[in-house]
Amino acid sequence: MQKYNPKKIEEKWQSYWQTNNVFEAGDSGEKKFILVEFPFPSGDGLHMGHLRSYTAADLVSRYYRMKGFNVMYPIGWDAFGLPAENYAIKHGKQPAETTAKNIENIRKQLHRLGYSIDWSREINTTDPNYYKWTQWLFLQFYKAGLAYESTGLINWCPKDKTGLANEEVIGGHCERCGTKVEKKELRQWYLKITEYAEKLLAGLNDLPEWPERVRTEQANWIGKKEGAEIDFQVVLSPPKAGEGSPDFSTTPQNDISVKVFTTRPDTIFGATYLVVAPEHSLIETLADKIENIDEVRAYAQTAKDKEELERIAEGKEKTGVELKGIRAINPATKEDIPVWVADYVLGGYGTGAIMAVPAHDERDNEFAKKFGLEIRQVVAPRVVDPVNPPREDAKNTDRNMLHAIVMHPTEDKILSLKWKTHPWQTFITGGIEDGEDVLEAAKREVFEETGYKNMEVIKLMPYIMRAEFYAAHKEVNRKVNANVVMLKLTDLAQEVVSAEEQEQFEPVWIDSQDMKNLSPVSELAYILDWVENGDKSYTGEGVLINSGEFSDQLTMDSLPKMAEKFGKQKTTYKLRDWVFSRQRYWGEPIPLIHCEKDGVVPVPDDQLPVVLPEVKNYEPTGTGESPLAAIDEWVNTTCPECGGPAKRETNTMPQWAGSSWYFLRYTDPNNEQQFASSEKLKQWLPVDIYFGGMEHTTLHLLYSRFWNIFLHDQGLVPVSEPYTKRVPHGMILAEDGSKMSKSKGNVINPDDLVKQHGADTVRMYEMFLGPHEDSVLWSEKGIIGVARFLERIWNWINTAEFSEHDEETVSRELHKTIKKVTEDIEAYRFNTVVSNLMSFHNAVKDSPITKDSAKAFLQLLHPLAPHIASELYEQLGGENIDIQPWPKYDESMLVSDTITIAVQVNGKVRDELIVSTDSTQEEIETKALASEKVQALLSGQSPKRIIYVENRLVNIVV
RNA sequence: GGGCAAGUGGCGGAAUUGGUAUACGCGCUAGUCUUAGGAACUAGUUCCGAAAGGAUUGAGGGUUCGAGUCCCUCCUUGCCCACCA
């Protein structure tokens, strides 16, 4: 017998597959388009993360091929972009050269791993025949008005010396190199992805086979918010004339206004000031009217210089400066309110200005408290008595009342009223008379109801509540505005309470923890929250108060009405337009020409591609100009419109351009007229399963959906959503749980593993590590288990004397394994596929087995470990395991003659019974009761009840 | 601060609809063989206990004949978003 020699058999089969083009996708049969995120040709080659998705994709591809599907599993090279360019710079070579070399290396790696890739469809984003179409597609965006040029403050990576899209900034750092991102004013090309925000969001609903997590992350990134935009008129303070407060009603109105965005237009009556972001144009527009403009500018500048992370690190302590000399008119109250600049308002979101409602927004509340601004409650939480709700036909009456939380002078107790007329125990409670001060009323009520006369007010709850109920004895609806006052007695001096009060209730001291048991105050939850957590603004829904004609209405109902009355309803998105130009060399040139006469002119289709020129010096300039700008003979061209002198656009596209449509190219990789006919696209789209990383959720995955939906709208692509199913994989971490990184020196090199153990072992162990979507720890030692398993299989098949018939256990185990493996592959539970195969071998290794059963087992093994499976299959006289039909299982083979039944007493397993499958329930129960262990536990008692679960257990309840 | 996911042996991890928790693998222990090797094979291995037995799925409570699984409260970890109006 030959020893298991993975190297030898793996090379044999790899060259067999290659020479015979075994994995080229055909044109007939039901298709499966299996996609993996194509690699960028890094100098380090493939990493363990790649192996995780590529192996899973290969497993699934091989499985579906055996199932009879026409499978396409293609690969290509995402070869433009920063990493490739940085690598070339580091090695002092041309990116084209290093990229080609790196590709060669990765191609070899993929072969060595035995992936069933259709190499006839290999693509490369840096191939002019490929990027011709990337450029052509860009022009479709341009022609549709979705690509535009604009100067603005953008994210800038000082290390990579290029602008970045919002999606490329991860926690304030460059997605590629981890450098802190700065802001820089630059001319940039943008793609109007915001125009597609709604479609990108709505499309998520058509993707039931995407993980919830991925969909939510994209939805959060798009960040849709419904609200209103409201204009606030800006007025100027009159010249200072004496001491009196300025009369803004006589101030000359100008036509300047500030547009704010709010999701709570219902709180507009409580908007007591306005805040603009440091970047807001109002500051410079009214520079000569703002009295303290120097101070304002200084503040705005500091705020702009601060990085986002710094702001957060500062503990969110609110800062700001009032714009003195100007005021804004609240369109609801018509009052003039102060205008502030503060960095808690962000320039990039909404309109860069807010109406501040400190009573109902925590940030505004904090700010108002710090700067002594007015806090005006306009929403009261509404509590409706569930037993006696207000009646439609009854009259409404209003009443102001209070609850007093009265603390004991020395002990941790509060005073309650125990009612004699009702089964209630309440706070000290009572009405407030017209014009009476709440705090005075509280003291008065405490005295009248309890006789205690010396007390001090601790605090007043910052908002009132609205309780609504039907007062049966008066036949009216009561709408009660409830205040809460916390007081503390200074001593226990007490006077006699009036007889009238005495008949109603008596005061009782209770432990303050028992406050939560007081009844029947429906406001209790809010009160307890206040006592426990202190003063907070009320940000929930409720009933409007102090809101003019809208008072007494519910916030929910009046929200749209108020939005329309004071402004207009508006939907905002957090998604920003995609900064699409890079000031780097190694990318697709943007195919536009700047002509003095005709402006921006697209390069005509027949002149595409605009080839990236070869240059000696391609390093980034850092000036905001692309290195291409220095190549006069390339930059200077003629205008396609007028033939006059013109200049080429010198920025290049981001790395995400080529990858935004590469899956389309796979369907017809050599087509010179890619989008003229959609036959191949129709044949293959959508992608059936897309394997990839979680990190691309708001990058490549979002971008390529955007491109595809757009192309679908243009009639160029047959489906709107490109990927039916998305299967993300978890990260592979080092043994200690840290991320693998070159700097830590804990990176595992796949080549070494393959050399040491063989591709089959590496593939299988990758899958065995843990659930595909979870992060898993790489274990140097663990791989030996899989290696041993394959070696055992090798020895087993090689030394087996095959029998004429399977022993019963063998056929039962085989069918069980076929079932489990099939189900697990379909459910992407690859780790248990491996353990099921191991279990099978453990169960049958000593039993007589037929050659056919052994071959069926090898077929199950084949998607994971194709080389050894192919080799052994051949040794057993089989051919072309790659296309042999996937084994089927027979339900009737799964059942055995006997089953094991657990015997429980009171839910605890006490014994086991082996019974024949045709035993009746009665027989089994009798046997169970007869069990010695059961009898010992019953000790003569008769069971109360016996629960029988078919094929599983008997539970005897005593 | 918000959202999502997850907590099971020494470790990675299994457990259909609630129905015998700890499959499979690593590691560890003992043994066999031997060119005493970090190989292979065999047996054992959740914890406590000599055993009988008892305990056990982050903690606490609940529903149920029966809970890793369902419900409530809390703790911890990971990921995403984050002064987003």
Side-chain angles (χ1 to χ4, degrees), chain A residues 170-172 211-221 223 225 227-228 260-265 267 275 277 308-309 311-312 314-319 342-346 348-357 360-364 366-367 572-574 694-695 697-698 730-731 733 735 737 765 768-771 773-786 788-789 791-792 795 820 823 829 831-842 900-913 943-958:
Chain A
I170 313 287
E212 188 64 43
R213 191 160 55 121
V214 175
R215 281 185 289 166
T216 338
E217 255 179 55
Q218 282 207 356
N220 288 346
W221 187 260
K225 283 268 169 69
V260 305
F261 174 75
T262 178
T263 53
R264 294 293 303 270
T267 60
V275 190
E308 278 169 48
L309 284 175
R311 290 192 198 176
I312 296 161
E314 281 163 15
K316 299 182 183 179
E317 177 71 16
K318 296 279 180 296
T319 59
D343 66 5
Y344 82 93
V345 173
L346 308 175
Y349 184 77
T351 58
I354 61 156
M355 61 176 210
V357 186
H360 304 293
D361 179 280
E362 280 185 39
R363 291 150 306 188
D364 296 344
E366 236 177 90
F367 191 82
T572 341
Y573 301 90
K574 196 172 71 105
M694 212 43 212
E695 69 275 18
T697 300
T698 52
M731 270 194 297
L733 305 171
E735 217 144 349
Y765 186 55
F768 188 52
L769 277 171
E773 284 194 28
D774 292 4
S775 290
V776 290
L777 305 182
W778 180 263
S779 159
E780 194 78 43
K781 282 184 173 164
I783 194 168
I784 197 76
V786 175
R788 279 178 193 155
F789 168 70
E791 187 158 350
R792 271 184 219 131
N795 295 338
K820 278 186 171 173
E823 284 170 356
R829 289 189 298 251
N831 54 329
T832 52
V833 172
V834 179
S835 50
N836 285 327
L837 293 172
M838 289 174 166
S839 295
F840 173 77
H841 177 245
N842 289 343
T900 311
I901 298 272
V903 181
Q904 297 182 335
V905 176
N906 288 334
K908 291 196 172 179
V909 180
R910 298 299 181 178
D911 204 356
E912 277 181 355
L913 291 179
K944 274 190 202 142
R945 195 174 154 189
I946 297 178
I947 288 134
Y948 173 70
V949 181
E950 207 184 337
N951 294 338
R952 288 193 187 273
L953 57 78
V954 177
N955 186 11
I956 299 165
V957 184
V958 185

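So you know, we letter chains A, B, ... as the sequences are listed, proteins then strands, and number each from 1.
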Passes ring-ring contact (aromatic ring centres under 6.0 Å, His included), A:W778 versus A:Y765? Steps please. CA-CA 10 Å; A:W778 180 263; A:Y765 186 55; 5.1 Å; yes
Could you state the atom-to-atom distance from [atom1] of [X] to [atom2] of [N] in whole Å?
X: A:N220; N: B:C4; atom1: CG; atom2: C1'; result: 9 Å
X: A:K820; N: B:A23; atom1: NZ; atom2: P; result: 13 Å
X: A:K318; N: B:G1; atom1: NZ; atom2: P; result: 14 Å
X: A:E780; N: B:G25; atom1: CD; atom2: C1'; result: 16 Å
X: A:H360; N: B:C83; atom1: NE2; atom2: P; result: 24 Å
X: A:E950; N: B:U20; atom1: CD; atom2: P; result: 15 Å
X: A:I901; N: B:U20; atom1: CD1; atom2: C1'; result: 10 Å
X: A:E773; N: B:C80; atom1: CD; atom2: P; result: 15 Å

Only counting residues at least two apart or in another chain, list the ones meeting side chain to side chain donor-acceptor pair (under 3.5 Å) with A:R910. none
Output all residues satisfying salt bridge (Lys or Arg N to Asp or Glu O under 4.0 Å) with A:E212, sequence neighbours left out; order by chain, then residue number. A:R215
Using the test salt bridge (Lys or Arg N to Asp or Glu O under 4.0 Å), find all partners of A:E823 that sit at least two apart in sequence or belong to another chain. A:K819
Of the candidate nucleotides [options], which contains the atom at the shortest distance from the side chain of [X]?
X: A:R952; options: B:U17, B:C41, B:G27; result: B:U17
X: A:D343; options: B:C26, B:G13, B:C83; result: B:C83
X: A:A902; options: B:A15, B:C26, B:U20; result: B:U20
X: A:T832; options: B:C80, B:A14, B:G12; result: B:A14
X: A:S839; options: B:C83, B:C24, B:C81; result: B:C24
X: A:R910; options: B:A55, B:A39, B:G54; result: B:G54

Rounded to whole angstrom, note down the C1' distance from B:C74 over to B:G13. 27 Å
Could you give the distance separating B:U22 and B:C71 at their C1' atoms, to the nearest angstrom? 26 Å
What pattern of brackets, bars and dots sums up RNA chain B from 5' to 3', given Watson-Crick or G-U wobble pairs under 3.5 Å, [ ] for crossing pairs and | for another strand? (((((((..(((......[....)))((((((.......))))))(((....)))..(((((..]....))))))))))))....
Enumerate the residue pairs fulfilling salt bridge (charged side-chain N to carboxylate O under 4.0 Å, His left out) with a member in residues 773-786 of chain A, sequence neighbours excluded, ordered by first and then second residue. A:R213-A:E773
Contact class for [X] vs. all strands (heavy atom < 4.0 Å): base, sugar-phosphate, or nothing?
X: A:E791; result: nothing
X: A:T262; result: sugar-phosphate
X: A:N842; result: sugar-phosphate
X: A:V909; result: sugar-phosphate
X: A:S775; result: sugar-phosphate

Going by distance alone, is a donor N or O of one side chain under 3.5 Å from an acceptor N or O of the other, for A:N955 and A:Y948? no
What string of B, S and - do you get for nucleotides 61-68 of chain B 5' to 3' if you count protein non-hydrogen atoms under 4.0 Å? ----B---
Atom pair CZ (A:F367) and CD1 (A:I354), whose distance is rounded to the nearest 0.5 Å: 8.5 Å
Do any N or O atoms from the side chain of A:Q218 and from the backbone of A:T697 form a donor-acceptor pair under 3.5 angstrom? yes
